[in-house]
Amino acid sequence: MKSSDDLFQLIKSLTRNEKGYFKKAAGMHVIGTQNNYVRLFDAIDSQKEYDEQKLIKQFKGETFIQHLPSEKIYLYSLILKSLKEYHSDNSIETELNGMLHSVEILFDKGLFKACNKILKKAEKIAKNHQKYLTLLQIYEWLAIVYRALPDMDELKKKLDEKTEVQKNLIDEYKKYVQYKSADDTLFYYTKSLGFPRNKKEKQIYESVMSNPYMKDEALATGFLSRYYFLSASNMYSEIMGDIKKTYEYRKKIVEHVEAFPAQMDDNLILYIRALNNLVNIQDELNYPEEMEKNLAKFDKIQTKSPTIESRIFAYSYALKVTRAIECGNFEECVKFLPEIEDGIKKYGALLHHEFILGFSYNIFCGYFGAGDYKNALKWMNIMLNNDIFLDTRPDVYRFAQIMNMILHFELKNHELLSYAIRSTYRTFLKQQKLFKFETLMLNFIQRSSKFNTPGDFRQGFKDLREEVIKLQADPFEAQVLSFFDIVSWLESKVTQKSFAEIIRGKWESRRLEKLKA
């Protein structure tokens, strides 16, 4: 995003109520010239894409437009100020910061007893929500206020408590930093490396888990410390392919957050992320009763945050599409497309690139499974032509390149297929990362150009299916094979049945086995 678009993006992110509050606040904060800022606000808000030259032309001849850069900076600050006021009751952190600011003002006026009352209230709130750094600030202010009163008895009492209390707070914060760092580091590796392809990459993940704090769950005593310990453990289990441990950790995360209602309200985005992860693995493990119970929790979440609303949208539709694909109901998957596109338009920049990637890939799978290869190619090109996806999920991007070749194979685009093979080979070899599965697929597609009869193709597909099945026993290969049911696609070629029919048959078999159990 260009810096000149910052104001445009901020205005476009506002809800209708936030816009109304800003216009009302602008009249109070900018006496005499408020109309110019509101007019500039409305002019930018009316644009579909930011066009500065259009603004200059629209306000030609007016004095304020001659200083547009400084006017935009001031308008940006006005909007931020109104947002802080509008959302002042939505965050414990904001409430505590406001209370400390009040203490600072009252202290300057010599109203020390009033300061003490606010600090006592702030201390109670900060303890309840485990705000370690804020508590340290509160204790510093309490000592200053007791000296100013002067209240030597209280000051002496605080001095006796202060060293030990502050030491404990600092220790708790250090533990939080260690667990959060482990979680962030694993998150980075999962996005930059993806599933480990060899022992060297596996050791990178193991080195994070060798942190003494990650080895001792008993150290994770605070709310956030335990959350990030469980979150990091969940990511590690998932990346190593241990689905049972992943399920257990995800279940523990949700139970942990729900056990602390005050912290859950203040960390709602952590809760919905944990809930979504749990629901997805319950779906994967075929635990329908547990999944439906947790899905219902999304409907009970009340929020005014557009960010959280956008996450709930992304999570719920991702699950709908995934479930439709898993049971072979590809036509149903495609029906979700208009609703997903509407959601993307509504939430825009609030949706992380990874959500857009996920939707694009799942819609591609829906069209592919439905046999609509033309539309599947459209969504495949959306993914492959966006470098952001390569940076966000290189493992998914690489698999998409394989699927792109399979798609051209289905479309019988022989010339494009030959180019795609050469291009993909160069890309993979340049990265010095080549799964055995990727090598198998590249060689097969290249070799298939020499098949002359339907029997040659069926035998080729049969041989490839057996090789891929063998690879599923390799933990490094099994992870990448989870992106798409390539074995079912190969079976469809061997048996001359549709891909959707094979998927539906397997889904029904699993359902019946579950009922028997």
Side-chain angles (χ1 to χ4, degrees), residues 10 13-15 17-22 24-25 28-29 76-146 148 158 161-162 165-166 168-170 172-173 176-177 180 221-228 256-274 300-312 350:
L10 177 61
S13 74
L14 302 178
T15 65
N17 289 339
E18 288 171 339
K19 290 176 182 178
Y21 188 87
F22 162 74
K24 183 179 178 181
M28 293 184 288
H29 292 301
Y76 193 95
S77 66
L78 276 180
I79 296 171
L80 280 183
K81 188 171 185 178
S82 73
L83 284 173
K84 289 174 185 176
E85 293 171 355
Y86 182 79
H87 293 285
S88 60
D89 297 330
N90 293 349
S91 164
I92 293 298
E93 201 74 50
T94 302
E95 182 182 358
L96 288 170
N97 286 338
M99 293 172 81
L100 288 176
H101 190 209
S102 296
V103 168
E104 187 177 359
I105 293 170
L106 292 170
F107 186 87
D108 193 50
K109 294 181 175 295
L111 303 174
F112 307 129
K113 289 184 178 180
C115 291
N116 194 35
K117 288 181 181 179
I118 293 175
L119 287 168
K120 289 289 187 182
K121 183 179 178 181
E123 180 184 16
K124 186 176 180 180
I125 295 171
K127 280 183 177 179
N128 190 38
H129 291 269
Q130 298 184 15
K131 299 295 183 181
Y132 306 125
L133 294 182
T134 306
L135 273 169
L136 288 171
Q137 289 178 276
I138 290 169
Y139 291 138
E140 285 297 313
W141 265 112
L142 281 169
I144 293 170
V145 168
Y146 289 139
K158 281 295 170 188
E161 296 175 355
K162 185 178 177 182
V165 169
Q166 288 182 321
N168 291 336
L169 288 173
I170 292 170
E172 284 296 328
Y173 189 73
Y176 157 75
V177 169
K180 182 68 164 60
T221 52
F223 170 76
L224 288 176
S225 292
R226 180 160 175 77
Y227 176 90
Y228 286 113
H256 170 64
V257 179
E258 289 178 344
F260 295 86
Q263 280 83 354
M264 184 171 76
D265 290 342
D266 204 36
N267 297 277
L268 197 51
I269 200 160
L270 297 183
Y271 177 62
I272 63 169
R273 183 191 303 157
K300 297 177 182 178
I301 295 173
Q302 296 182 349
T303 180
K304 294 180 180 179
S305 167
T307 297
I308 293 177
E309 286 180 359
S310 72
R311 289 293 181 92
I312 293 175
L350 291 173

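Position 1 is the first residue of the sequence, and the numbers go up from there. Quick caveat: nothing in here was measured; it's all calculated off a predicted structure.
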Asks: Mark yes or no for whether Ser225, through its side chain, and Thr221, through its backbone, hold a donor-acceptor pair below 3.5 Å.
Replies: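 No: the side chain of Ser225 does not pair with the backbone of Thr221.
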Asks: Any heavy-atom pair between the side chains of Leu142 and Glu123 that's under 4.5 Å?
Replies: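 SC-SC contact between Glu123 and Leu142 confirmed.
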Asks: Tell me, do Ile125 and Thr134 make a side-chain contact under 4.5 Å, heavy atoms counted?
Replies: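 When only atoms from C-beta onward are counted, Thr134 and Ile125 do not touch, as no gap falls below 4.5 Å.
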Asks: Just so I know, are the side chains of Tyr271 and Ile301 near enough to count as touching, which here means a heavy-atom distance under 4.5 Å?
Replies: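 Contact flag for Tyr271/Ile301 side chains = yes.
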Asks: Kindly compute the distance separating NZ (Lys121) from OG (Ser102), expressed to the nearest 0.5 Å.
Replies: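 Lys121 NZ to Ser102 OG: 10.0 Å, rounded to 0.5 Å.
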Asks: Is any side-chain heavy atom of Lys180 less than 4.5 Å from a side-chain heavy atom of Tyr176?
Replies: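 Lys180 vs Tyr176: side chains touch.
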Asks: Any sub-3.5 Å donor-acceptor pair from Asn128's side-chain atoms to Lys124's backbone N or O?
Replies: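 Here the side-chain-to-backbone pair does not exist.
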Asks: Looking at His256 versus Phe223, is the centre-to-centre ring distance below 6.0 Å?
Replies: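 Ring-ring flag for His256/Phe223: true, centres closer than 6.0 Å.
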Asks: Checking the side chain of Asp108 only, and the main-chain atoms of Glu104 only, is there a donor and an acceptor separated by less than 3.5 Å?
Replies: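 Such a contact is absent between Asp108 side chain and Glu104 backbone.
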Asks: Please report whether the ring centroid of Phe112 lies less than 6.0 Å from that of Phe107.
Replies: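 Between Phe107 and Phe112, the centre distance is under 6.0 Å.
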Asks: Rounded at 0.5 Å granularity, tell me how far CD in Gln166 sits from CD in Glu140.
Replies: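 Those atoms lie 5.5 Å apart.
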Asks: Does any non-hydrogen side-chain atom of Gln130 lie less than 4.5 Å from one of Leu224?
Replies: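 A side-chain contact is absent here, since even the closest heavy-atom pair is not under 4.5 Å.
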Asks: Could you measure the distance from the CG atom of Leu135 to the CG atom of Leu169? Nearest 0.5 Å is fine.
Replies: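 With rounding to 0.5 Å, CG (Leu135) is 5.5 Å from CG (Leu169).
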Asks: Would the distance check show the side chain of Tyr227 and the main-chain N or O of Leu270 forming a donor-acceptor pair, the cut-off being under 3.5 Å?
Replies: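 Checked: pair present.
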Asks: To the nearest 0.5 Å, how far apart are CG in Leu133 and CG in Leu96?
Replies: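 Between Leu133 CG and Leu96 CG, I get 11.5 Å after rounding to 0.5 Å.
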